[in-house]
Student: 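Quick one: this structure, given as C-alpha cells, is what I'll be asking you about.
Scope of the values below: all heavy atoms of this structure, side chains included, with no hydrogens, waters or symmetry mates. Both ligands and their constituent atoms are indexed starting at 1 by order of listing.
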Amino acid sequence: MQDRAITLGEFIIENQRDFPYASGELSQLLSSIKLASKIVTREIRKAGLTDILGASGVENVQGETQMKLDDIANDIFIKALEARGIVCGLASEEMEDYIIFDKEKHVDSKYVVLTDPLDGSSNIDVNVSVGTIFSIFRRVSPVGSPATLEDFLQPGNKQIAAGYVLYGSSTMLVYTTGHGVNGFTLEPSLGTFQLSHPNMIMPVDGKIYSVNTGNYLKFPDGVKNYITYCQDVDSETNRPYTGRYIGSLVSDFHRNLLKGGIYFYPEGTNAPSGKLRLTYECNPLAFIAEQAGGLATDGHQRIMDIQPESLHQRVPFFVGSTNMVKKAMSFLGS
Ligand code: AHG
Ligand code: MN
Ligand code: MN
C-alpha cells in the first residue's frame with residue numbers, strides 16, 4: 001500500500017525545528033492561515049451562486065447586507081489570526097491602516113502579518129483563479145506593547161515566513177520559512193491540505209513571459225525592448241517566448257514557478273511605481289521565488305532589500321526564473 005500523503009499540519013509540526021524561533025507559535029500561526037484559506041475556499045466555490053460582485057441581497061443575522069468577497073476574505077483572515085494569541089497586528093490591502101490585536105491573550109504575541117486576502121478579485125466574476133498572499137514578520141517593537149508601524153515596515157529580507165493560497169481548479173497553499181518551498185493541495189472531501197509539491201524549484205530558464213501588454217505604450221523603453229526580445233525569433237534561445245497573462249498575480253506567479261517564466265508589472269507613464277504593493281504582494285512572492293531558486297527585483301535592486309516607507313507602497317516588479325529576470329534587467333540598464 002502506498003504511504004498516505006503527509007498533511008500540512010503534520011508537515012508544519014515536523015519542520016518546526018527549522019523555524020528561527022522554534023516555540024510552536026509560528027506553527028499555530030500557519031495553522032490559522034490554513035483554516036482561513038479553507039473558509040475562503042468554501043466561499044469562493046459558491047461565488048456564482050451568491051452574487052458577490054455587489055450586495056448579495058442576503059442579510060446576515062445582524063440585518064446587514066452581505067459583503068463583497070474581498071471584504072469577506074479580509075474578515076475571515078482577521079478573525080482567524082486574531083483568534084489565537086500569536087499575532088499582535090495585521091495589515092491588509094483591504095484596510096487603510098494596520099490593526100492591533102491587544103486582548104489579554106495577545107500580551108505575549110510576537111508576530112505581525114501582512115496580507116492581500118483576495119488577490120485578483122476582479123477575476124471572481126468570470127470564474128478565474130484568485131489567491132491570497134501573506135507575509136510574516138517577528139515584531140521589532142517590545143512584546144507586551146501594541147504593534148507599531150515599524151513592525152510592518154520591515155524589509156522583505158526580515159520575513160520569517162511567507163506564502164500564498166491559490167484558489168484554482170484546486171486550492172493550493174504554498175509557503176516558505178526560508179528552508180525551501182513546499183506546496184500543499186486541498187483534498188476537498190477530507191478538508192486537509194496534503195503535500196503535493198515538495199521542495200519546489202523554479203526552472204532557471206523558461207519560455208513564458210507574463211505582462212499586461214495593453215500598457216505597452218506607457219512602459220519605459222528598456223521594458224519595451226525586453227518585450228520585443230521576448231517576441232523575437234531565435235531558435236537558439238527558444239524564442240519567441242509564450243505570452244501568458246491571467247491578471248491574477250498568484251496564478252501567473254504559480255504557473256511560472258512550476259514551468260519557468262517571468263512575470264513583470266513595470267512602472268508606466270501613468271503609474272510611476274507600477275501597480276503592485278511591496279509589503280503584501282511583492283515581498284512574500286519574492287521570498288518564495290528566491291527560496292525556489294528564482295529572482296525578484298524592481299528592475300534595479302532586489303525586492304527584499306527595499307526598505308518600505310508606507311504600508312501600501314507600490315513598486316515595479318520583475319519576478320521569475322533567474323536567467324529571465326537577469327536578462328530583463330540587462331535591458332533596464334541594471
Ligand atoms: P488585487 O485584486 O488584489 O487588487 O490585485 C490585482 C493585481 C494582480 O493580481 C494582477 O496581476 C494585476 O493586478 C493585474 O493588473 P492589470 O489589470 O493592470 O494588468
Ligand atoms: Mn492584489
Ligand atoms: Mn486584493
Student: Can you tell me how far OG of Ser210 sits from CD1 of Ile262, rounded to the nearest 0.5 angstrom?
Tutor: 8.5 Å
Student: Tell me, do Tyr263 and Arg255 make a side-chain contact under 4.5 Å, heavy atoms counted?
Tutor: no
Student: May I have a table of the N/O to N/O pairs between ligand 1 and the protein that fall below 3.5 Å, each row giving the two atom names and the distance to 0.1 Å?
Tutor:
| from | atom 1 | to | atom 2 | distance (Å) |
| --- | --- | --- | --- | --- |
| ligand 1 | 2 (O) | Gly120 | N | 2.8 |
| ligand 1 | 2 (O) | Ser121 | N | 3.1 |
| ligand 1 | 3 (O) | Glu93 | OE1 | 2.9 |
| ligand 1 | 3 (O) | Glu93 | OE2 | 3.1 |
| ligand 1 | 3 (O) | Asp116 | OD2 | 3.0 |
| ligand 1 | 3 (O) | Asp119 | OD1 | 3.4 |
| ligand 1 | 5 (O) | Asp119 | OD1 | 3.1 |
| ligand 1 | 9 (O) | Asp119 | OD1 | 2.9 |
| ligand 1 | 9 (O) | Asp119 | OD2 | 2.9 |
| ligand 1 | 9 (O) | Leu249 | N | 2.9 |
| ligand 1 | 11 (O) | Leu249 | N | 3.4 |
| ligand 1 | 11 (O) | Tyr263 | OH | 2.8 |
| ligand 1 | 13 (O) | Lys275 | NZ | 2.9 |
| ligand 1 | 15 (O) | Lys275 | NZ | 2.9 |
| ligand 1 | 18 (O) | Tyr265 | OH | 2.5 |
| ligand 1 | 19 (O) | Asn212 | ND2 | 2.8 |
| ligand 1 | 19 (O) | Tyr245 | OH | 2.5 |

Student: Whether the side chain of Asp252 engages the backbone of Leu249 through a donor-acceptor N/O pair (distance < 3.5 Å, no angle test) should be reported.
Tutor: no
Student: Around the Mn ion (ligand 2), how many protein N/O/S atoms fall inside 2.8 Å?
Tutor: 3
Student: In terms of hydrophobic clustering (I, L, V, M, F, W, Y; side-chain heavy atoms under 4.5 Å; direct or indirect links), are Tyr226 and Tyr265 co-clustered?
Tutor: no
Student: Check whether any side-chain heavy atom of Leu258 sits under 4.5 Å from a side-chain heavy atom of His197, and report yes or no.
Tutor: yes
Student: State, yes or no, whether a side-chain contact exists between Lys158 and Arg138 at a heavy-atom distance under 4.5 Å.
Tutor: no
Student: Find out if a path of hydrophobic residues (ILVMFWY) with successive side-chain heavy-atom gaps under 4.5 Å connects Leu90 to Tyr280.
Tutor: no
Student: State whether the number of non-hydrogen atoms from other residues, nucleotides or ligands found under 6.0 Å of Lys207 atom NZ is greater than 12.
Tutor: yes
Student: Is it the case that atom CG in Asn127 sees more than 12 heavy atoms from other parts of the structure closer than 6.0 Å?
Tutor: no
